[in-house]
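Atoms within each ligand, like the ligands themselves, are counted from 1 in listed order.
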Amino acid sequence: MNIDLSGRTAVITGGGHGLGQEMSRAFAALGATVWTCDLDQKELDETRDLCGDRCEVRVVDVRERGDVSAFVAEASKESGRIDVLVNNAGGVAGQTGKPLEEITEEEWRVIFDVNLNGAFYFSQAAIPGMKGSGWGRIINISSGAGLRVSLTGIQAYASAKAGLIGFTRQLASELGPWGITVNCVAPGFIRCNPMTERQWQSYGTEGQEKLVASIATRRLGRPEDIAHAVLFFASDFASWITGQTLAVDGGR
Ligand code: NAP
């Protein structure tokens, strides 16, 4: 199975580092023109260097609906549409787990804004062009935290990631008649940024061994494990798959 994304325009959110950076690199390597956004220009420049000529980067906060629309419009300018949207930006916004009664409204909202509302804004902006061309792929990045109890202990994160799974299912049903598929990838724990590195270190040697022993394939995941699943959903090989959530976590 050789995936060829030549001629496709892909928007990948949160591509400054971690999984989004690897997805950007992988999409560009298979011929797609990649547009990625993040909050930090320096990190985005690094992504552009990794991707080569077929990559445009912009500082865009996925919580700002107007900026999201303008970014999607710019990415659509050449071909009149974007073909693939990966709603990857997310995470725990620097938070750590604590009892529910100590959570402020702002802490709760910021996690929903980044993980769920951003996906809504981007999908809304991308869909008209996809409908016009009769082809589209939307891939939402949820988490094991959306399927099960979260390792982070962060209630809003578990809720927003579960919300993305419902959003995927609902959009898939709505958009199928236009040739648009909507799927979701739920990654297991991957060390790929300072936050996950801190989380890993906090487990200590015993906790780390226990975590790896709980994975059927007995190894931690790598960013490319997630990118491969996303590439499959973005490809023509996945044209009769929609509304699905794929756990990419080494098995339980
Ligand atoms: P990451 O390294 O923190 O990447 C997320 C990216 O999104 C970061 O570059 C971050 O930028 C960006 N971002 C955050 N808020 C944003 C905003 N408001 N507007 C634009 N960009 C924003 O995290 P990751 O580990 O690669 O995770 C990628 C996705 O996979 C996330 O949705 C995460 O929840 C999910 N996931 C990750 C794991 C894991 O173990 N790594 C497991 C399950 C699910 P800044 O760093 O500048 O804030």
Side-chain angles (χ1 to χ4, degrees), residues 11-26 35-48 50 57-68 70-72 85-95 109-122 139-154 156-165 167-168 184-203 208 211-212 215 219-227 229-230 245-250:
V11 165
I12 298 170
T13 67
H17 61 234
L19 305 184
Q21 185 175 69
E22 174 54 22
M23 287 173 207
S24 300
R25 193 204 59 74
W35 287 71
T36 188
C37 67
D38 209 305
L39 298 174
D40 185 300
Q41 184 67 51
K42 223 169 115 214
E43 290 183 346
L44 285 168
D45 289 343
E46 195 185 293
T47 301
R48 193 178 37 211
L50 275 175
V57 300
R58 299 286 183 275
V59 171
V60 175
D61 187 333
V62 302
R63 295 169 295 180
E64 297 297 331
R65 192 180 197 161
D67 296 349
V68 167
F71 177 63
V72 171
L85 167 65
V86 185
N87 286 310
N88 165 74
V92 298
Q95 297 180 33
R109 283 190 193 280
V110 72
I111 288 190
F112 271 78
D113 283 345
V114 178
N115 288 280
L116 190 53
N117 297 349
F120 160 58
Y121 299 150
F122 265 95
I139 300 124
N140 297 316
I141 307 302
S142 176
S143 169
L147 293 166
R148 293 177 300 275
V149 168
S150 173
L151 288 177
T152 66
I154 301 174
Y157 184 66
S159 308
K161 289 304 197 188
L164 267 181
I165 292 171
F167 183 57
T168 300
C184 183
V185 171
F189 179 70
I190 314 259
R191 294 167 63 192
C192 61
N193 57 50
M195 199 70 203
T196 47
E197 200 50 43
R198 270 201 301 281
Q199 197 180 338
W200 175 247
Q201 296 309 332
S202 76
Y203 296 149
Q208 292 170 359
L211 177 63
V212 174
I215 299 171
R219 71 163 174 87
L220 289 185
R222 306 177 190 110
E224 57 268 30
D225 292 317
I226 308 306
V230 174
T245 295
L246 180 64
V248 182
D249 59 4

Which atoms of ligand 1 have any heavy atom of [X] under 4.0 Å away?
X: F189; value: 40 (O)
X: R63; value: 18 (N)
X: A89; value: 7 (O), 21 (N), 22 (C), 32 (O)

Do [X] and ligand 1 have an N or O pair less than 3.5 Å apart?
X: C192; value: no
X: V114; value: no
X: K161; value: yes
X: D40; value: no

Look at ligand 1 and say whether [X] reaches it with a heavy atom at a distance under 4.0 Å.
X: G144; value: no
X: C37; value: no
X: V60; value: yes

Donor-acceptor pair, side chain of [X] and main chain of [Y], under 3.5 angstrom:
X: T36; Y: T13; answer: no
X: N140; Y: N88; answer: no
X: S142; Y: I165; answer: no

Under 4.0 Å from ligand 1, counting heavy atoms only, is it the side chain of [X], its backbone, both or neither?
X: I226; answer: neither
X: V62; answer: both
X: D61; answer: both
X: M195; answer: neither
X: N88; answer: both

> Going through the checks in order, is the side-chain contact (heavy atoms from CB on, under 4.5 Å) test met by D225 and R219?
Replying inline: CA-CA 12 Å; D225 292 317; R219 71 163 174 87; 2.9 Å; yes

Who's the nearest protein heavy-atom neighbour of [atom], and how far?
atom: atom 24 (P) of ligand 1; answer: N193 ND2, 3.5 Å
atom: atom 2 (O) of ligand 1; answer: H17 CD2, 2.7 Å
atom: atom 10 (C) of ligand 1; answer: D38 OD1, 3.5 Å
atom: atom 16 (C) of ligand 1; answer: L39 CD1, 3.7 Å
atom: atom 37 (C) of ligand 1; answer: L19 CD1, 3.8 Å
atom: atom 6 (C) of ligand 1; answer: G14 O, 3.6 Å
atom: atom 41 (N) of ligand 1; answer: I190 O, 3.1 Å
atom: atom 34 (O) of ligand 1; answer: Y157 OH, 2.7 Å

Of all the heavy-atom pairs spanning [X] and [Y], show the shortest one and how long it is.
X: A160; Y: F112; value: N-CZ, 3.7 Å
X: D38; Y: G16; value: OD2-N, 2.6 Å
X: Q21; Y: E43; value: NE2-O, 4.1 Å
X: V62; Y: V68; value: O-CG2, 3.7 Å

> Does the pair L50 and S24 meet the rule for a side-chain contact (heavy atoms from CB on, under 4.5 Å), with working shown?
Replying inline: CA-CA 9 Å; L50 275 175; S24 300; over 6 Å; no

> Taking atom CZ of R25 and atom CD of E22, what is their separation to the nearest 0.5 Å?
Replying inline: 4.0 Å

> For atom 44 (C) of ligand 1, which candidate among A93, S142, A145, S150 provides the closest heavy atom?
Replying inline: S142

> If you measure from atom 38 (C) of ligand 1 to every heavy atom of G94, G146, G188, which option wins on shortest distance?
Replying inline: G188

> Checking side-chain contact (heavy atoms from CB on, under 4.5 Å) for the pair T245/L164: CA distance, chi angles, key distance, verdict?
Replying inline: CA-CA 10 Å; T245 295; L164 267 181; over 6 Å; no

> In terms of the angle between their ring planes, are W200 and F189 parallel, tilted or perpendicular, with boundaries placed at 30° and 60°?
Replying inline: parallel

> Is the count of non-hydrogen atoms from other residues, nucleotides or ligands lying under 6.0 Å from R109 atom CZ greater than 12?
Replying inline: no

> Does K42 come within less than 4.0 Å of D45, counting only side-chain N to carboxylate O?
Replying inline: no

> Does the side-chain contact (heavy atoms from CB on, under 4.5 Å) test come out yes or no for V185 and M23, once each step is laid out?
Replying inline: CA-CA 12 Å; V185 171; M23 287 173 207; over 6 Å; no

